Amino acid sequence: MALYGGEDGLDFYRRIVADAPAHLTPGGALLFEIGCSQAAAVSSLMSDHFHSILVTRDLADLDRCVEGTIRG
């Protein structure tokens, strides 16, 4: 059974990003595995609370992970 991420597939990312500051200490990191077309959208969601946002590609050269460091 797959998770339903809403109309744009980002609902779970939105919720996790919004809740993360309450669970991470300054300098803590949040990492997501993403669908290859979601890097820009997930990076944008993270930009309010995180810095040093980095997208990593997989062996097929597709965007696969987004990570950021919580602002302190």
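For clarity, every value in this text was computed on a predicted model and none was experimentally measured.
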Rounded distance (nearest 0.5 Å) linking atom CD1 of I53 with atom CE of M46: 5.5 Å

Approximate separation, where rounding is to 0.5 Å, of F32 CZ and T56 OG1: 14.0 Å

Can I get a per-line list of side-chain donor-acceptor pairs under 3.5 Å for residues 17-29, giving both atom names and the distance, sequence neighbours left out?
none

Non-neighbouring partners of E7 that pass side chain to side chain donor-acceptor pair (under 3.5 Å), sequence neighbours left out: Y4

Salt bridge (charged side-chain N to carboxylate O under 4.0 Å, His left out) partners for D8, two or more places apart: R14

Pairs where residues 43-54 contributes a residue and the test salt bridge (Lys or Arg N to Asp or Glu O under 4.0 Å) is met, not counting sequence neighbours: none

Identify every side-chain donor-acceptor pair in residues 64-72 under 3.5 Å, counting partners at least two apart or on other chains, and give the distances.
unit_1, atom_1, unit_2, atom_2, d
R64, NE, D58, OD2, 3.1
R64, NH1, I34, O, 2.9
R64, NH2, D58, OD2, 3.2
R71, NH2, S47, O, 3.3
R71, NH2, F50, O, 3.1

Main-chain N/O of A39 paired to S43 side chain as donor or acceptor, under 3.5 Å: yes

Pair listing, side chain to side chain donor-acceptor pair (under 3.5 Å) test, anchored in residues 26-40, at least two apart: Y13-Q38

